[in-house]
Amino acid sequence: MAPELEGRITQAIYKGQLTLLAAKVIGTEPNAAGVWVRYRRRGDADIRDMQVGAVIDCTGIVKDPRATPNPAVRSLFDRGLARVDPLCIGIETDADCAIIDRNGIGSRRLFAIGPLTRAAFWEIIAIPDIRNQCAALAARLAKTDSEQSPEPIVSSPASSC
């Protein structure tokens, strides 16, 4: 993590503004003060309650991106314009960020950047990484049609999730 962020987190812990727990959330109830949380600590059978000002979900990445509530991403899958990557954690793309369709053909007009491309680029959640990815894609898109490859990129079928 960035040193500035680590410093802010450390200060919040020392000031009692932030508590880190290894626990499973059983339920939440929003209220005027934030959220009432029911949880079970790791290795403990007892269910406890706590009032918090905010909840940050650190459960990890979505297992199947086709289950996203995002209508734009869902539409890509529904229309066959995208397919799930072999790890089932995002959209399959080629090395230039072109979205691979259900037939394994890289698009010339649809591209993905950021966390949706994490199977191809893995650590693509930090702003500097995404900025570099955007710059590379912008440079590719700025080329004239005559400079770009006339053949579509064909990829092997994705594994099933």
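Between I99 and A82, the shortest heavy-atom distance links the atoms CG2-CB, 3.5 Å. Across I130 and P115, no two heavy atoms sit closer than the pair CD1-CD, 4.2 Å. Shown here for R38 and I47, the closest heavy-atom pair between the two residues is NH2-CG2, 3.5 Å. Among all heavy-atom pairs drawn from D96 and F111, the shortest one is O-CD2, 3.8 Å. Taking all atoms of both residues into account, the shortest heavy-atom contact from D85 to A119 is CG-CB, 3.2 Å.
With contacts defined as side-chain heavy-atom distances shorter than 4.5 Å, the pair T10/E6 qualifies. When side chains are defined from C-beta on, L81 counts as touching L110, because their heavy atoms get closer than 4.5 Å. The shortest side-chain heavy-atom distance between R40 and I26 falls under the 4.5 Å cut-off. Looking at R41 and L21, their side chains come closer than 4.5 Å, going by heavy atoms from C-beta outward. Here the side chains of E92 and T117 are not in contact, with every heavy-atom distance at 4.5 Å or above. Side chains of Y39 and D49 form no contact here, defined as non-hydrogen atoms less than 4.5 Å apart. Counting heavy atoms from C-beta on, the side chains of V84 and I91 never come closer than 4.5 Å. Between F121 and C97, some side-chain heavy-atom pair lies under the 4.5 Å cut-off.
Transitive grouping of hydrophobic side chains (ILVMFWY, heavy atoms separated by less than 4.5 Å) brings L20 and L5 into a common cluster. Follow the hydrophobic side-chain contacts under 4.5 Å out from L141 and you reach I113 in the same cluster.
Shown here is R48, whose CZ atom has more than 12 heavy atoms of other residues, nucleotides or ligands within 6.0 Å.
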Task: Chi angles and distances behind the side-chain contact (heavy atoms from CB on, under 4.5 Å) call for N31, Q51 - done: CA-CA 9 Å; N31 59 39; Q51 175 65 44; 2.8 Å; yes

TODO: Report the C-alpha distance between V37 and V55 in whole Å, list the side-chain angles of each, state the deciding distance to 0.1 Å, and finish with yes or no for side-chain contact (heavy atoms from CB on, under 4.5 Å).
DONE: CA-CA 9 Å; V37 179; V55 173; 4.1 Å; yes

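Once rounded to the nearest 0.5 Å, the distance linking CZ of R83 with CD1 of I105 reads 9.5 Å.
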